[in-house]
Each structure stands twice: as C-alpha cells, then as structure tokens.
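Both counts, for ligands and for their atoms, begin at 1 and track the order of listing. It should be emphasised that the depicted structure is a prediction, and the values quoted were computed from it without experimental measurement. We use all heavy atoms of the structure for the numbers below, so side chains are in, but hydrogens, waters and symmetry mates are not. FYI, the numbering just counts along the sequence from 1.
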Amino acid sequence: MPSDTLTITDNRTGKSYEVPIENDTIRATDLRKIKAEADDFGLMTYDPAYMNTASCKSTITFIDGDKGILNYRGYPIEQLAEDGSYLETAYLLWHGSLPTTDQLSAFTATVNANLPLPANFAGIYDGFGRDAHPMALLMAGFAGLAAAYPDAKNVLDKASRERQIFRGLAQAMTLGAWGYRFRKGLPMVTPRPDLSFPANFLYMLFEKEPDPRLVRAMDILFILHADHEQNCSTSTMRLVGSSQADPFSSLAAACAALYGPLHGGANEAVLKMLRHIGSVENIPSFIEKVKGGEGRLMGFGHRVYKNYDPRARIIKAAAEDVFAVTGKNPLLDVASELEKIALHDEYFIKRKLYPNVDFYSGLIYEALGFPAEMFTVLFAIPRVSGWLSQWEELMCDEDQKIGRPRQIYLGEGKRDYVPLADRK
Ligand code: CMC
C-alpha cells in the first residue's frame, strides 16, 4: 500500500524508522530519533549553502528554475511586467491578491505620505565621504530608520508592522535617491505627490520631469526585482527578523547580503566586465579565461534557474524601449555577442549557465544616467517590497522560531588550558 512516508534503515543498527512526507519534504527534526547509541544527539542533515533545505513554507513567490518560471502569488512575471505597476505588485506581494482601484489608490496615497524621511535625517550621511558606496549609504540609512522609529520594535503588533512596512516601502526609494544626490553634493529633492512611484524616483534623482517611456522602463525593472523567494538576502531578512529585531535592522542586514557581487552586486560587476572586455574581438579570449577558472562570466548562472532567467528576457526587451529614447548603449553589442557565444559554448551548456536578471539590467541603468555604483541600490529599492512581505509572512507563521542552524563539530576534543609560560 503506498503511503506518504519514508522508511529509513540505519545500517549501523539495522533499525528502520518511518518519517512522514508532506509537500515532498521530510522534517529534519524527524531524523533526530535515528540514533546509533541511546545518548547520541540523533541524525542531522549537512547542507552548506542550503542547497536542498526548505527554511519556510511560503505562499508568495514560485520559481521553477528548470522551466524558467517566476510567479508572484500565482501571477506570471511576464503578465505583471506587461500590464501591472510596481506599487500594484508590492500590494500583491504583501496582501496576496491584486488591489481593486480603491485599494490601489489608498495604498498609493499612504506610500506617498511616507516618502519623506524623518526630521533631521538629511544630515545622516554627513559623516561619510562623497565617494561612499551608495549601498553602504543605504545600509546606514536603514540602520538610521531603526533609530528614528523606536515603535518599529513592536514586531508582534500587527498595526505597528503595517506602519513600518509602509515606511520601509516608501523610504527605501527616498534613501536611494538621497544617496545618489549626497554623492554628487546636491541637495535632497522633495517628492511630488502627483507623480507615480517610479516617476517620483527619477524626479528625486535628476530634478526634472521624467520621460514617460523611461518611467515605464523603471516601473518594469522595479516589478522584476520585487521578490525572488528564499535567496541570500531574503533568507537574511528572515533570519534577522526571526530574532524579533525591528524590520529596519533586518532590512539593513538584507541589504548587506544583496551587496555582494555573487548576488545583487552582480549588475555592477557585469558593467565593469563589459567595459573591461571593451569590444567584440576581445570576447573569445575573455571566455577562454573564464573557462580556465580566471573569474566568472558575471550576469550568468543562477542557483535556481537552470534555464533562461525570465526576468533577463523581459529586461532585454525593455532595453530596446529605453535605447529608443536615450540612444543605444555601445556595450549592448558586446553583451549580445557575449551571450551568443556563451550560449553555444560547451562549458556553459554543460553547466546550464544562462543570462540572469543582472546581465542586461546594468545597460539600461547606465542609459538612464546611473553610475554603476547605483545599480545594486536600484535592485534593493523594489526588493524591499519582497523582503517586507516575507518578513510579515514570517511574523505570522506559527512554525517559525528564532533561526539557529546546527554544525558538525570537527575540532579538538576537551583539553586543559596551558599557562602562557609553559607553552612551547
Ligand atoms: N561563470 C563561469 N562559470 C560559472 C558561473 C559563471 N557566472 N557560474 C557558475 N559557474 C560554474 C562554476 O565554476 C561551477 O563549475 P564546476 O562545476 O566546473 O566547478 C559550476 O558552474 C556550478 O557553479 P556553482 O558556483 O556551484 O553554482 P552556484 O549555484 O553556487 O552559484 C551563482 C550561483 C549565481 C553564485 C553563480 O552562477 C555566479 O557566481 N554567477 C555570477 C554572479 C552573478 O551573476 N550573480 C547574480 C545572480 S542573479 C541575481 C540574484 O539573484 O542576486
């Protein structure tokens, strides 16, 4: 008779154990009853880098990496990018359903009302140099919000969480724009309530009415980056959040995780790589170096996608619309040729390495007038909607406790302290 259980035989003892299977998963703690000796700790799983461990149950984002599918709350990313807006997407991620017209206008009004930073916040970056990396400024900004909003500590209070989520969603953008202006020695620009979220962002950066085609491209980029289930930064958000730290401290930590070049920092690294390659003739020798282990092809490969990242496809199409306004980014030819060569090369085919979201996004960002250092901030601003939705889900999840992995201790056994004078 088939049953939803797994039978495990421990060949050390000959004993068999039955553990339940739910959602194609067994609970790691069910393995603890498997012991060779009565006083053993019990069996654990060893999973560095969490290659095959589900850390939560979630209803937010679905990815099928083999088929190249990404859905937010069941809605395909292609449809959201085609017809939706970022704020609609942020509402969807948080609340689980698309907003009605009234819900969206109330939501938009509350986000807009939360755009201004706390009083006296403009001076927060003054201790930093103008060359400070904007991601470092963003992290400092979130830590600053933790100090400015002491009520954010009330993480068990739903109404307080809602207040903080609105602040986080809105002020991520204001902090991002402020970091850009600060580095240029320019004053902060006050957001305009009549502008859409992405239009306001471009306005707060460049202090002029943005072209609607560029606003739409920005909106699409925000939608594509809004969530991506349990990646490094989202897991960081959840891990720090599990200690019941306030959400701004958790956001600062999530930003730190995103900053790394293997994660959200890859978009900046891609542009540097394309500049380094310089022209199409240099691609073959660059590819040979990557295959020989000298660095990676940035913007390629993904832990989950073993197919074309659906976001990369949408970004490539959006790039055409941006270049129609701004003129073509000359590095596009290098990127397109690099992609073509890599996709036909045995090394990349065998390892299922395809372009990811970061491969083309930098080219658009550069055409929009952003310096490369800002690229990861442009990833972080919309990702705040995903991080906060995941945090809210965590706070409501009765299965969750403070995150605390185990280790396999392979160090010395107990030994006695040797006084300094007696050490050889
Ligand atoms: N260029 C060349 N070789 C690569 C690359 C790459 N970009 N990515 C993976 N490989 C090779 C790797 O050397 C290994 O080869 P071998 O089996 O011979 O040792 C094999 O492919 C498997 O790689 P891995 O490091 O075990 O794979 P991972 O799942 O741990 O890494 C990754 C995923 C995204 C960190 C990695 O593909 C990478 O470093 N890519 C470049 C950085 C990048 O574009 N990151 C952005 C990710 S998408 C945005 C986001 O979600 O943050």
Side-chain angles (χ1 to χ4, degrees), residues 47-53 60-66 68-70 72 77 135 221-238 253-274 276-277 283-316 335 338-365 372 375-387 390:
D47 191 10
Y50 307 112
M51 302 286 287
N52 195 34
T53 294
I60 301 176
T61 291
F62 171 79
I63 301 175
D64 183 328
D66 291 327
I69 292 173
L70 168 62
Y72 295 158
I77 191 68
M135 272 305 277
L221 286 160
F222 278 178
I223 294 168
L224 299 182
H225 287 92
D227 195 51
H228 213 234
E229 52 118 309
Q230 309 311 316
N231 50 60
C232 179
S233 56
T234 303
S235 299
T236 303
M237 180 81 196
R238 280 180 174 262
C255 271
L258 189 75
Y259 193 4
L262 297 189
H263 193 4
N267 51 18
E268 182 180 344
V270 169
L271 204 84
K272 288 188 177 146
M273 174 188 77
L274 294 175
H276 167 77
I277 296 172
I283 294 175
S285 62
F286 177 79
I287 293 266
E288 285 313 307
K289 280 190 192 152
V290 168
K291 285 159 59 178
E294 276 185 60
R296 291 198 157 187
L297 177 50
M298 299 312 284
F300 257 68
H302 200 276
R303 171 63 59 77
V304 180
Y305 291 120
K306 301 301 167 197
N307 199 327
Y308 213 100
D309 180 337
R311 301 167 300 172
R313 215 185 292 281
I314 300 167
I315 289 185
K316 210 173 158 187
L338 192 54
E339 177 191 337
K340 209 178 333 157
I341 293 178
L343 289 180
H344 289 92
D345 189 296
E346 193 48 31
Y347 175 96
F348 296 91
I349 295 170
K350 204 171 117 204
R351 291 168 180 79
K352 298 190 175 165
L353 301 171
Y354 292 87
N356 60 48
V357 68
D358 290 319
F359 192 67
Y360 284 105
S361 61
L363 293 175
I364 305 194
Y365 294 148
F375 294 178
T376 311
V377 172
L378 299 170
F379 189 150
I381 292 168
R383 183 54 59 87
V384 166
S385 66
W387 288 335
Q390 299 270 351

Checklist entry - Hey, what do you get for CD1 (Ile63) to CD (Gln230), rounding to the nearest 0.5 Å? => result 9.0 Å
Item to check | Between NE2 on residue His225 and CZ on residue Arg311, distance to nearest 0.5 Å | outcome: 6.5 Å
Checklist entry - Does Asn231 come within less than 4.0 Å of ligand 1, judged by its heavy atoms? => result no
Next on the checklist: Can you classify the ring geometry of His263 versus Phe379 as parallel (below 30°), tilted (30 to 60°) or perpendicular (above 60°)?
Outcome noted: perpendicular
[atom]: which protein heavy atom is closest, and how many Å away?
atom                    : result
atom 50 (C) of ligand 1 : His263 ND1, 3.4 Å
atom 42 (C) of ligand 1 : Met298 CE, 3.5 Å
atom 4 (C) of ligand 1  : Leu353 CD1, 3.5 Å
atom 15 (O) of ligand 1 : Arg351 NE, 3.1 Å
atom 49 (C) of ligand 1 : Asp358 OD2, 3.2 Å
atom 47 (C) of ligand 1 : Asn356 ND2, 3.6 Å
atom 39 (O) of ligand 1 : Arg296 NH1, 2.7 Å
atom 41 (C) of ligand 1 : Phe300 O, 3.4 Å

Item to check | Option from Val270, Ile283, Leu343 for which side-chain contact (heavy atoms from CB on, under 4.5 Å) with Leu338 holds | outcome: Ile283
Item to check | Structural part of Val357 in contact with ligand 1, heavy atom criterion under 4.0 angstrom | outcome: side chain
Next on the checklist: Applying a heavy-atom cut-off of 4.0 Å, say which part of Val290 lies close to ligand 1: side chain, backbone, both or neither.
Outcome noted: side chain
Where ligand 1 meets [X] - atom numbers and elements under 4.0 angstrom, heavy-atom basis:
X      : result
Ala266 : 43 (C), 44 (O), 45 (N), 46 (C)
Gly264 : 52 (O)
Leu297 : 1 (N), 2 (C), 6 (C), 7 (N)
Arg303 : 28 (P), 29 (O), 30 (O), 33 (C)
Gly299 : 43 (C), 44 (O)
Tyr347 : 2 (C), 3 (N), 4 (C), 11 (C), 13 (O)

Next on the checklist: Would you say that more than 12 heavy atoms from the other residues, nucleotides or ligands in this model lie under 6.0 Å from the NZ of Lys291, or not?
Outcome noted: yes
Item to check | Heavy-atom neighbours of Tyr347 OH exceed 12 at 6.0 Å | outcome: yes
Any non-hydrogen protein atom less than 4.0 Å away from [atom]:
atom                    : result
atom 12 (C) of ligand 1 : yes
atom 19 (O) of ligand 1 : no
atom 37 (O) of ligand 1 : yes
atom 45 (N) of ligand 1 : yes

Next on the checklist: So does Gly299 get a backbone contact from the side chain of Asp358, meaning a donor-acceptor N/O pair under 3.5 Å?
Outcome noted: no
For the student: nearest non-hydrogen atoms of [X] and [Y], plus distance:
X      : Y      : value
His344 : Ile349 : C-CD1, 3.7 Å
Trp387 : Ser233 : NE1-OG, 3.2 Å
Thr236 : Ala254 : CG2-N, 4.0 Å
Leu271 : Ala372 : CD2-CB, 4.2 Å
Leu353 : Gly301 : CD2-CA, 3.6 Å

Checklist entry - Without hydrogens or angle criteria, can the side chains of Tyr360 and Glu339 be said to hold a donor-acceptor pair below 3.5 Å? => result yes
Checklist entry - Can an N or O of Pro261 be found at a distance shorter than 3.5 Å from an N or O of ligand 1? => result no
Next on the checklist: So for ligand 1, is Leu262 a polar contact partner (N or O within less than 3.5 Å, distance only)?
Outcome noted: yes
Next on the checklist: Can you confirm if the aromatic rings of His228 and Tyr305 lie within a centre distance of less than 6.0 Å?
Outcome noted: yes
